[in-house]
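Below is one structure; the comments refer to it alone.
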Amino acid sequence: MYSSSFTIVTFLLLFIGCSARRLYPLPSDNENTKMPLQTFRPFNVAHRGSNGELPEETGPAYLRAIEEGADFIETDILVSKDGVLMCHHDVTLDETTDIAEHKEFADRVKTYEVEGQNKTGLFIFDLTLKELKTLRAKQRFSFRDQHYNGKFPIITFEEYIKIAINAPRVVGIYPEIKNPVLMNQRVKWPKGKRFEDVFVEILKKYGYKGSYLSKEWLKQPCFIQSFAPSSLVHIHNQTYLPKVFLIENVDVRTQDTNQVHPYTFRNEDRLQFTCFTIVTFLLLFIGCSARRLYPLPSDNENTKMPLQTFRPFNVAHRGSNGELPEETGPAYLRAIEEGADFIETDILVSKDGVLMCHHDVTLDETTDIAEHKEFADRVKTYEVEGQNKTGLFIFDLTLKELKTLRAKQRFSFRDQHYNGKFPIITFEEYIKIAINAPRVVGIYPEIKNPVLMNQRVKWPKGKRFEDVFVEILKKYGYKGSYLSKEWLKQPCFIQSFAPSSLVHIHNQTYLPKVFLIENVDVRTQDTNQTFAEITSDHYLNYIKEYVVGIGPWKDTIVPVKDNYTQKPTDLVTRAHAHNLQVHPYTYRMDLSVS
C-alpha cells in the first residue's frame, strides 16, 4: 500500500453497508445473544465518541464510535443547575456549543475559581437541563469537520448510558467524574448527598455492577475514572465497579488533594490530549500481574483466542512503525502485542528469487545501504510504473547481501532510536511471526510491483512472481474462502494494485483478494487503466468475479481540501452495490505524511 502507519491503525473498513459479503455478521437483537466484549486484547476506547467529523460527546458521535467498532465509549460527567448529570467536557459552554448565539444567556457570564485559577464564561451549572437542551454542540477545533456544528444537543448521562445499553453488541462505558470539587460547591444536592453519590446511583439504576471481569461486569462493562482521588475513595464502598485514577501532566496538582493511566492516543498530532475517532487505548496493564487487562491465551494452538469478526479489523500497516522501523520483525511483534488483528506487508523479491518484506523497490530510503560501500557499483536506473527511477534495487541484491543491511525509519519525525538495529525479513519469516502469535493473527500481504519483479527476476520452470507467492502461502497452510473455517484458523487477505496478478492467481487459491486503487491521477501499473476506468460500474462488475473487495486510497472516498474533508464520493455505495467490500488505506497518527 502507498503510505505508512503509526503504531496500530484502526482500519475502518466501511464494510458495514455491504449486503452479500459483510465483514462481520450482525448480532441478534436478543440481549442474551449479543456479541460479548473481547477481553483478550487491549480495548478500543472512543474518547468522547468519534469526534473527528462529529462534535464530541454528542449522541451521533457515540453511535458512530459503536458503528466503527469501539469496545468502550468514554465521556465526561458534569452537572446542570438543577442537578441533572450531563455529558460535557468543559465546565464552560463557550467553546463547544453555540451559546454565544443565545442572547438570553448573556447575563449569565460569571467568574469562578476552577482548579486554582479564575475562569470566566458561561458555566454548565448555571443553566438548567431545559436551558441546556436549547444549545447545540460544535467542534472544538477549527481543523476538524465543521459540517455538523449546530445540529446536535448536549446529552444527559442517562441518555449516554442508553446508547451503550441499546447497542447491537456489548459496549462498555467509561465515564469520568469531572471537576467534582466545583460541582459539589456550585450545585445543591438533596439529603446531604454529593455529586459522586448521584453518579453511582445512576449507574446502579441501569444495572452497572460487579468487579472487573466478573460475569456482571462483562454483561455491562464500565470503568469509572477521575482526576480527583478523594472522589474514587468516596465511592469505593458504594460500587465494586473498577476505578481508574487519572493523572495530569507533571506540573499539574490534583484538584481535590493538591498533590503533584495514560490518555489519550489519537490521530491528530496537533493536540496532546484529545482523540480522533476510535483510539487504541494501550492501557499498559499488560505487565501488571495482579490485575491483568486480559488473560494470556494458552500456547496450545487449538485453544488460541480466535479472530474477532463482529467488528472492523485492526490492521497494522507495515507493523507498529511509529517507534520501530517499518516491516521489521520487532515492528510486527509490537503490533501483535498492541492488539492488531492483521499484520500487513509488501512483498518484493531478491536477486536469487527469495520473497522479501519491503515496501520500496529501492533500498535507499529505509535501509542503511548508503553505508555499505561494497554495493556502490550496484546503482541502476530502471523504468518503474512508467517513470525512470535510480537507486539500489532490492532485486539486484541476493538474500545473503540483503541480510547485511539494517532498516531505518522512513520519516525524520518518527523515532530514530532503532535505526540500524533490525534486518529486512523474508515473507516466510513474516508468516512465522503471525503463526507463532499467542492468538489468531491474520496476515495481509501485498503482491508488490509484479510487472517489475517478473521482468527483473529469473523464475524457474516458467513460473511468475505470483505463483511463488501463492506456493509459500499454501506451504504454511493458508487456504479457504473468506470466513470459512480454514480461513478463520489462519486468516489472510491478498492485495495488489495490479488487477492482472489477482486474476492470474484466481484459480490457484480461494483466499480473499483485494484490488488496491491508487489516487485519481494514477494509472494501473500492469493494464495502464485510469482511475475512472477501474472504478466504473462496468469494471467493478467484472473484477468482483476475482476479488472480495477493493482497497481505495482514502481520499478517493472522502476527498480532502485545505485540510478539510469534502463531500464523500459515491465509490463505497457503488462498490457495495456490486457486493464488494471496501478496505480504504491508510489511517495513521502521522499528520506530517499525506
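For this chain, numbers begin at 1 and follow the sequence in order. Every value quoted in this text rests on a predicted model; they were computed, and no experiment measured them.
In summary, R456 and D396 do not engage in a salt bridge, as defined by a charged side-chain N under 4.0 Å from a carboxylate O. Using a cutoff of 4.0 Å between basic side-chain nitrogens and carboxylate oxygens, D364 and K408 are not scored as salt-bridged. Between E371 and R406 there is no salt bridge, since none of the side-chain N atoms of the basic residue sits less than 4.0 Å from a carboxylate O of the acidic one. Comment: R64 does not engage E56 in a salt bridge, judged by the lack of any side-chain N to carboxylate O separation of less than 4.0 angstrom. Looking at K475 and E428, a side-chain N of the basic residue comes within less than 4.0 Å of a carboxylate O on the acidic one, giving a salt bridge.
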**Prompt:** Yes or no on side-chain contact (heavy atoms from CB on, under 4.5 Å) for V315 and D341, after CA distance, side-chain angles and deciding distance?
**Reply:** CA-CA 6 Å; V315 179; D341 298 313; over 6 Å; no

**Prompt:** Where do N449 and Q525 land on the side-chain contact (heavy atoms from CB on, under 4.5 Å) test, with the steps shown first?
**Reply:** CA-CA 8 Å; N449 293 96; Q525 59 187 255; 4.3 Å; yes

**Item:** Worked check of side-chain contact (heavy atoms from CB on, under 4.5 Å) between I424 and L363
**Value:** CA-CA 10 Å; I424 303 173; L363 298 156; 4.0 Å; yes

**Verdict with supporting geometry, M356 and L399, side-chain contact (heavy atoms from CB on, under 4.5 Å)** = CA-CA 9 Å; M356 308 295 299; L399 172 63; 3.7 Å; yes

**Prompt:** Passes salt bridge (charged side-chain N to carboxylate O under 4.0 Å, His left out), E67 versus R311? Steps please.
**Reply:** CA-CA 8 Å; E67 177 184 308; R311 56 165 172 77; over 6 Å; no

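Looking only at side-chain heavy atoms (C-beta outward), Q308 and F40 come within less than 4.5 Å of each other. The closest side-chain heavy-atom distance from F393 to V379 is not below 4.5 Å. Looking only at side-chain heavy atoms (C-beta outward), L502 and H506 stay at 4.5 Å or farther from each other. In this structure, the side chains of Q409 and N419 come closer than 4.5 Å at one or more pairs of heavy atoms. F375 has its side chain within reach of L397: a pair of non-hydrogen atoms, C-beta onward, lies under 4.5 Å apart. The shortest distance between side-chain heavy atoms of V514 and V547 does not fall below 4.5 Å. Annotation: side chain of K389 is not in contact with side chain of E383 (no heavy-atom distance under 4.5 Å). Contact annotation: the side chain of H359 approaches that of R410 to within less than 4.5 Å [non-hydrogen atoms, C-beta and beyond].
Residue P312 comes nearest to G69 through the heavy atom pair CD-CA, 4.0 Å, listed as atom of the first residue, atom of the second, then distance. For S320 against E338, the heavy-atom pair with the smallest separation is OG-OE1, 3.0 Å. Closest of all the heavy-atom pairs between I517 and T535 is CD1-CG2, 4.0 Å. Shortest non-hydrogen contact noted between D526 and P499 is OD1-CD, 3.1 Å. Nearest heavy atom pair, residue A335 against residue I343, reads CB-CG2, 4.2 Å. Across every non-hydrogen atom of Q146 and Y564, the tightest pair is CG-CE2, 4.2 Å.
Distance check, rounded to the nearest 0.5 Å: NZ of K561 to CG of D555 gives 14.0 Å. How far CD of E466 is from OG of S500: 6.5 Å, rounded to the nearest 0.5 Å. The NE2 atom of H576 sits 9.5 Å away from the CG atom of L571 when rounded to the nearest 0.5 Å. Interatomic distance, CG of L355 versus CD of E471, reported as 10.0 Å (0.5 Å rounding). Rounding to the nearest 0.5 Å gives a distance of 10.0 Å between CD of E446 and OG of S501.
Within the 3.5 Å criterion, the main-chain N or O of R48 finds a donor-acceptor partner in the side chain of N51. No donor-acceptor pair closer than 3.5 Å links the side chain of E545 to the backbone N or O of Y542. A distance-only check finds no donor-acceptor pair linking the side chain of E365 to the backbone of D360 [under 3.5 Å]. Side-chain atoms of D145 come within 3.5 Å of backbone atoms of H147 as a donor-acceptor pair (strictly under, hydrogens ignored). Checked by atom type and distance alone, the side chain of N436 pairs as donor or acceptor with a backbone atom of K432 at under 3.5 Å. Distance alone, capped at 3.5 Å, is enough to place a donor-acceptor pair between the K373 side chain and the A370 backbone. One N or O on the side chain of K304 and one on the backbone of A437 form a donor-acceptor pair closer than 3.5 Å.
Shown here is Q387, whose CD atom has no more than 12 heavy atoms of other residues, nucleotides or ligands within 6.0 Å. For K403, the NZ atom sits in a packed shell: over 12 heavy atoms of surrounding residues, nucleotides or ligands are nearer than 6.0 Å.
Ring planes of W487 and F493: perpendicular class, angle over 60° (limits at 30 and 60°). Using cut-offs of 30° and 60° on the angle between ring planes, the pair Y585 and F497 is perpendicular. Using cut-offs of 30° and 60° for the angle between ring planes, the F342 and F313 rings count as tilted. Below 30°, between 30° and 60°, or above 60°: for F422 and Y418 the angle between ring planes is below 30°, a parallel geometry.
Not less than 6.0 angstrom separates the ring centroid of Y510 from the ring centroid of Y478. Separation of the Y546 and F515 ring centroids does not fall under the 6.0 Å cut-off.
A ring-ring contact (aromatic ring centres under 6.0 Å, His included) with F395 holds for exactly one of Y382, F465, W459; it is Y382.
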